[in-house]
2 protein chains.
Amino acid sequence: MDVVNLAEKFRQFTEAWSPRIVGDLNDMQVKVVKIRGEFVWHHHDAEDELFLVVEGQLRMRLRDGDRDVGPGEFIIVPHGTEHCPVALTDEVHMVLIERRGTLNTGNIINERTVAEPQRI
Amino acid sequence: MDVVNLAEKFRQFTEAWSPRIVGDLNDMQVKVVKIRGEFVWHHHDAEDELFLVVEGQLRMRLRDGDRDVGPGEFIIVPHGTEHCPVALTDEVHMVLIERRGTLNTGNIINERTVAEPQRI
């Protein structure tokens with residue numbers, strides 16, 4: 001059973017919008033992701049999604065208004081809720097917690113879809 | 001849908017070993033807890049448990065040796081694994097992620113068992 005150091009995990013990759021798996025917790029997974037710029041509007045039919053910001057400023061766009069999330073803050077986007085994450089700073093480092101198999105692009109399949117995130 | 005600021009949540013209580021619920025994520029819950037001193041050896045039959053340290057130094061005692069966990073680090077204790085959390089500093093602030101209904105003392109029921117954690 002290993003201790004996971006988040007900063008050390010973030011040092012292992014530079015690619016944006018490409019979540020890496022860093023832990024398993026019953027049927028959930030812990031992922032780390034770097035984001036730059038704006039993502040794509042999407043939702044997840046059944047999966048709630050937790051975004052914990054470690055570095056930078058995240059804006060979570062929602063149909064009822066934006067939510068800004070900074071270091072030491074998290075937001076949980078419930079399943080069925082359309083959302084679009086945006087980096088307000090050059091780069092944002094986040095921890096994601098969501099069910100195993102949750103697609104990063106939810107109901108949208110495009111060039112940004114990562115079907116099988118790498119484990120680091 | 002609210003943004004949760006962890007520091008603001010930790011300011012709301014002082015009691016040690018008394019987890020507070022700060023979020024729901026499918027069948028999991030996000031809790032915050034302050035610990036001082038040593039807890040009790042226990043395990044959870046079915047629930048994995050994630051401990052993310054926000055402040056202070058945690059020592060997770062395990063039957064195969066200790067793991068020390070500092071700020072920005074987490075450890076996932078798999079179900080069935082006996083563990084005993086200890087604060088190496090005066091106080092440790094941690095985020096717990098575990099299934100709804102997970103008892104803090106696992107298979108042990110004693111004066112430290114918190115059957116119904118408060119939501120803050």
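In what follows, every chain begins at residue 1, and chains take the letters A, B, ... in the order their sequences are listed.
In the hydrophobic clustering of ILVMFWY residues, with side-chain heavy atoms under 4.5 Å counting as a link, A/Phe51 and A/Ile108 come out together. Side-chain heavy atoms closer than 4.5 Å link hydrophobic residues (I, L, V, M, F, W, Y) into clusters, and following such links, even through other members, never connects B/Met94 to B/Phe13. In the hydrophobic cluster analysis, where Ile, Leu, Val, Met, Phe, Trp and Tyr join through side-chain heavy atoms closer than 4.5 angstrom, B/Val69 is grouped together with B/Val33. One hydrophobic cluster holds both B/Phe74 and A/Met28 under the rule that ILVMFWY side chains link at heavy-atom gaps under 4.5 Å. In the hydrophobic clustering of ILVMFWY residues, with side-chain heavy atoms under 4.5 Å counting as a link, B/Phe39 and B/Leu88 come out apart.
When each of B/Val4, B/Val30, B/Leu6 is checked for a side chain to side chain contact (heavy atoms under 4.5 Å, CB included) with A/Leu52, only B/Leu6 meets the rule.
Of the listed residues B/Val54, B/Asp64, B/Asp24, the one with more heavy-atom pairs under 4.5 angstrom with chain A than any other is B/Asp24. Annotation: maximal heavy-atom pairing with chain A below 4.5 Å, among B/Ile76, B/Leu50, B/Asp27, occurs at B/Ile76. Contact tally against chain A (heavy-atom pairs below 4.5 Å) for B/Met1, B/Glu49, B/Glu8: the top residue is B/Met1. Counting heavy-atom pairs closer than 4.5 Å to chain A, the top-ranked of the candidates B/Val22, B/Val3, B/Ile75 is B/Val3.
Rounding to the nearest 0.5 Å places CZ of B/Arg67 at 7.5 Å from CG of A/Asp2. Atom CD1 in A/Ile97 sits 3.0 Å away from atom CD1 in B/Ile97 (nearest 0.5 Å).
Proximity to chain B is absent for every atom of A/Val95, based on heavy atoms less than 4.5 angstrom apart.
Side-chain atoms of A/Asn26 never come within 3.5 Å of backbone atoms of B/Glu47 as a donor-acceptor pair (strictly under, hydrogens ignored). Remark: the backbone N or O of A/Gly70 is not paired with any side-chain donor or acceptor of B/Asn5 at under 3.5 angstrom.
Enclosure of atom CG in B/Asn110 by more than 12 non-hydrogen atoms of other residues, nucleotides or ligands within 6.0 angstrom is indicated.
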